[in-house]
Amino acid sequence: MNGAQDLGGMHGFGSVKPEPNEPPFHAEWERHAFALTLAMGIPGGWNIDMSRFARESLPPADYLAKSYYEIWLAGLEKLMAERGLVMPDEVEAGKPLHPAKPVTRTLKPGDVAQVLYRGAPTGRESATPARFKLGERVRAKNMHPRTHTRLPRYVRGHVGVIDSLHGCHVFPDSHALGKGENPQWLYTVAFDGRELWGADGDPAVKVSVDAWEPYLEPI
Amino acid sequence: MNGAQDLGGMHGFGSVKPEPNEPPFHAEWERHAFALTLAMGIPGGWNIDMSRFARESLPPADYLAKSYYEIWLAGLEKLMAERGLVMPDEVEAGKPLHPAKPVTRTLKPGDVAQVLYRGAPTGRESATPARFKLGERVRAKNMHPRTHTRLPRYVRGHVGVIDSLHGCHVFPDSHALGKGENPQWLYTVAFDGRELWGADGDPAVKVSVDAWEPYLEPI
Amino acid sequence: MSHDHHDHSDLSETELRVRALQTILMEKGYVEPAALDLLIETYEKKIGPRNGARVVAKAWCDPEYKKWLLTNANAAIASVGYAGRQGEHMMVLENTPKRHNMVVCTLCSCYPWPVLGLPPVWYKSAPYRSRAVADPRGVLREFGVELPKDMEIRVWDSTSEIRYLVLPMRPTGTDGWSEEHLADLVTRDSMIGTGLPKRPDEIAK
Amino acid sequence: MSHDHHDHSDLSETELRVRALQTILMEKGYVEPAALDLLIETYEKKIGPRNGARVVAKAWCDPEYKKWLLTNANAAIASVGYAGRQGEHMMVLENTPKRHNMVVCTLCSCYPWPVLGLPPVWYKSAPYRSRAVADPRGVLREFGVELPKDMEIRVWDSTSEIRYLVLPMRPTGTDGWSEEHLADLVTRDSMIGTGLPKRPDEIAK
């Protein structure tokens, strides 16, 4: 979706503010927002693409006003409400008002290390040959789905070069909708700065995105 | 600039909410924000393009969170502060803290009707012939100035047809920067919905923008 | 002025801020209260969509006027008495059985003040500005307007100082109506292109 | 929980909200407090940029390892003990005198957790995400890094599950240094590409 999350090339946000010796968390609640989000992935059963969509589909003014973990929190509340795990009235009341939903699994302390170490690889067997080859010039499609996609607006319609092939990976556009993994070939596509930004671009800059095959078309 | 004002094609804002029998103003303060903004244009001496830039360069989260007249107000405060007419500390204090700046003109009650009736036409004599002709196919430039421009992102890089010629008009990109009127040919350029939005577009839709000649290139 | 978030809602804080600004601007001699009052009165009482409705009704009754309106909108509109700020360069867009016109300003909220007055909140809002150019049919549906699938929808994004007024199609069953009576059928939304004129049975005779 | 805006700052409201959520989730049996504590401890104490620094230092010392790292990052990084969540598909990007690499995630805040820990606030912020792809040189300047005008800047937008780690150039004057000592030169920012490694004189021997 063309939401507030699609920030590449936007102006007006001011300068980057590095923070010397920055701690991993800036407040106690951030620790908990982080841990609850990770832990709830298991009973919740959503995947990372669903999580991203829950966050990026926040009203744009909210998305831009919230801090990172506030966005996570809002996304978590949305995911849980959609599945009837925790309803908004319960968050408002600060206590359970409805019976717990039966969940098949929760995160046990003894499993934490293994769950983190395993992660969730998205590489899948390739059933079809890749459509594009290394060095080939391709165009990023001009597409504007209202659902989750990982092709940023700033590359759409522009021509780049296949910089690497990564085999097939879970396709976020399907996965976020609960339509299965639908693995697709994944490429890194590199664009010249001037191709992306016109005369306002830096000729010594190249920018790449990772793009699944359905995002690309031959030229 | 690619600010929050450039809303065409964005998602996530929800549905349009028509208001039956809507009044011109919804609160007393809106009346005053409106009138002060109009009246201050005369002693302030800024032009409409400077006003637009003052508004669109608000931090994006603010721009999207504010109501229309709140945006006007923030723009007015910015324009006045830039010119030393009213400083932020005065707005905070709620009273003048610094001497008034001498201004050459103010809006007199007796002039209101005439000032409004006259408006501020932007048409200018054409010094050069138009570069493009009716029916010609042109491409909207892929440009990303950080300053004021009136070419929305959603048409950049796309091909449309010259739908009408309007003679030369004050060029906002120069005018907003105080670099003079720099009149340029103005065209209406019409784009097919599918050209702009790809397969997600409606084939029975055409969208036009008014584009000054420097926004366009031949194909 | 007070900036104590605990005492005031956001709204009243804005109210206080505007009041403070007005005081400062008056004390500095930049604005005159009587001029402010006139500005407000003009756009609250005098200039509104009834102006545009009269223009449309006249065009419905008078083919010569309609032709003039479509080829030289400024002169034709000025002949009825409307002109000026935010309407310096007018274009009138004729709806036909084949094409429906709809006006937006995605970059701010440009709107033809002399004929329509100040824009409604929805016109200035992010939902309308973002969607009118990409999904006009969906937007029209939210206004209760369903157009035939093959009718072209032409969206005009007001990115310059040209201001657009839609000339809707004259409703059937209005033969012999007076201009004044016809003007009652012309809604503001029908001149933006997000609505259609009223049908004769929708207004009291 | 209280939603009285007059009693709490936004921050403490968020605090209360998180606390309430945690209570609800525990009472419903969805989460176990000990697991939450372990998650926090892992990313607060165990997994951080020191991991990546060790990988970089090893590559600086061992040409074979470097080759392996650049061709099969996952295996090479796992051999040092780092793997897992948000680093399932690693690629290592070598800086050279001709090319500087810089990593961003414009769409969210993808970041290689196993080697760098959790991302800093600026990496997740709108200024960095918006500007890194359009004006990387300007962004680098804000980090105090000025690169030669003709050095290519290659920005990697992390739009898939591939996670990028920059392999910065080994600082001069470090001949014969141990891996552990070299790792002290490797800053987090130098592995994102918004910084360079420290010079030998910048750290205590």
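Order of the sequence lines fixes the chain letters, A, B, ..., with proteins taken first and strands second; residue numbering starts at 1 for each chain.
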> Does CZ in Arg118(A) sit with more than 12 non-hydrogen atoms of other residues, nucleotides or ligands closer than 6.0 Å?
Replying inline: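 Check passes, neighbour count above 12.
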
> More than 12 foreign heavy atoms under 6.0 Å from CD of Glu125(A): is that the case here?
Replying inline: no

> Which ring pair (Phe, Tyr, Trp, His ring centres under 6.0 Å) pairs, counting each pair once, include a residue from residues 81-105 of chain D, with sequence neighbours left out?
Replying inline: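 The answer is His169(A)-His89(D).
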
At a heavy-atom separation under 4.5 Å, does [X] approach chain D through its side chain, its backbone, both, or neither?
| X | value |
| --- | --- |
| Lys108(A) | both |
| Asp163(A) | side chain |
| Phe171(A) | neither |
| Pro152(A) | both |
| Val205(A) | both |
| His11(A) | neither |
| Ser67(A) | neither |
| Glu77(A) | side chain |
| Pro109(A) | both |
| Ile48(A) | side chain |

If I measure from the heavy atoms of chain A, does [X] come under 4.5 Å with its side chain, its backbone, both, or neither?
| X | value |
| --- | --- |
| Val139(D) | side chain |
| Arg137(D) | side chain |
| Ile24(D) | both |
| Pro120(D) | both |
| Ser158(D) | backbone |
| Lys46(D) | neither |
| Met91(D) | side chain |

Shorter than 4.5 Å, heavy atoms on both sides: which option in [options] has the most such pairs with chain A?
| options | result |
| --- | --- |
| Ala134(D), Ser130(D), Gly87(D) | Ser130(D) |
| Arg188(D), Met151(D), Glu152(D) | Glu152(D) |
| Cys108(D), Ala78(D), Pro119(D) | Cys108(D) |
| Gly84(D), Gly48(D), Pro136(D), Pro127(D) | Pro127(D) |
| Ser125(D), Ser109(D), Gly29(D), Gly117(D) | Ser109(D) |
| Ala132(D), Ala126(D), Ala34(D) | Ala126(D) |

Would you mind reporting whether [Y] and [X] have side-chain heavy atoms less than 4.5 Å apart?
| X | Y | result |
| --- | --- | --- |
| Trp113(D) | Leu116(A) | no |
| Leu107(A) | Glu32(D) | no |
| Leu36(D) | Leu36(A) | yes |
| Lys28(D) | Lys101(A) | no |
| Tyr43(D) | Pro24(A) | no |
| Val155(D) | Lys206(A) | no |
| Tyr69(A) | Lys124(D) | yes |
| Leu107(D) | Glu56(A) | no |

Just how far is it from atom [atom1] of [X] to atom [atom2] of [Y], taken to the nearest 0.5 Å?
| X | Y | atom1 | atom2 | answer |
| --- | --- | --- | --- | --- |
| Arg131(D) | Phe13(A) | CZ | CZ | 11.5 Å |
| Phe191(A) | Asp157(D) | CZ | CG | 10.0 Å |
| Leu76(A) | Leu21(D) | CG | CG | 6.0 Å |
| Thr106(D) | Met10(A) | OG1 | CE | 12.0 Å |
| Thr23(D) | Lys95(A) | OG1 | NZ | 12.0 Å |
| Leu118(D) | Glu22(A) | CG | CD | 10.0 Å |

> Could you go step by step and tell me if Val121(D) and Tyr68(A) meet the side-chain contact (heavy atoms from CB on, under 4.5 Å) rule?
Replying inline: CA-CA 8 Å; Val121(D) 167; Tyr68(A) 186 66; over 6 Å; no

>> Check Arg52(A) with Glu161(D), please: is the shortest side-chain N to carboxylate O separation under 4.0 Å?
In response: yes

Measure from the side-chain N and O atoms of [X] to the backbone N and O of [Y], and report whether any donor-acceptor pair falls under 3.5 Å.
| X | Y | value |
| --- | --- | --- |
| Tyr30(D) | Val103(A) | no |
| Glu88(D) | Ala120(A) | yes |
| Arg31(A) | Ile40(D) | no |

>> If you apply the rule side-chain contact (heavy atoms from CB on, under 4.5 Å), what do you find for Phe25(A) with Glu44(D), and how did you get there?
In response: CA-CA 8 Å; Phe25(A) 299 104; Glu44(D) 190 153 30; 3.9 Å; yes

> What are the two closest non-hydrogen atoms of Arg150(A) and Thr159(D), and how far apart are they?
Replying inline: NE-O, 2.9 Å

> Under the side-chain contact (heavy atoms from CB on, under 4.5 Å) criterion, do Val31(D) and Thr106(A) qualify, and how do the steps go?
Replying inline: CA-CA 6 Å; Val31(D) 297; Thr106(A) 59; over 6 Å; no

>> Pair Glu92(A), Arg17(D) - check salt bridge (charged side-chain N to carboxylate O under 4.0 Å, His left out), show working.
In response: CA-CA 8 Å; Glu92(A) 296 309 311; Arg17(D) 196 170 182 92; 3.5 Å; yes

> Listed by residue number, which members of residues 194-204 of chain A have a heavy atom under 4.5 Å from any heavy atom of chain D?
Replying inline: Trp197(A), Asp202(A), Ala204(A)

>> Show, in sequence, the C-alpha distance, side-chain angles and deciding distance for Asp210(A) and Trp156(D), and conclude whether the side-chain contact (heavy atoms from CB on, under 4.5 Å) test is met.
In response: CA-CA 8 Å; Asp210(A) 302 328; Trp156(D) 303 74; 5.5 Å; no

>> Using the rule given for salt bridge (charged side-chain N to carboxylate O under 4.0 Å, His left out), can you reason through Glu142(D) versus Lys17(A), listing the C-alpha separation, both sets of side-chain angles and the distance that settles it, and then say yes or no?
In response: CA-CA 8 Å; Glu142(D) 282 162 21; Lys17(A) 309 251 178 341; over 6 Å; no

>> Any donor-acceptor pair under 3.5 Å linking the side-chain atoms of Ser208(A) with those of Arg154(D)?
In response: yes

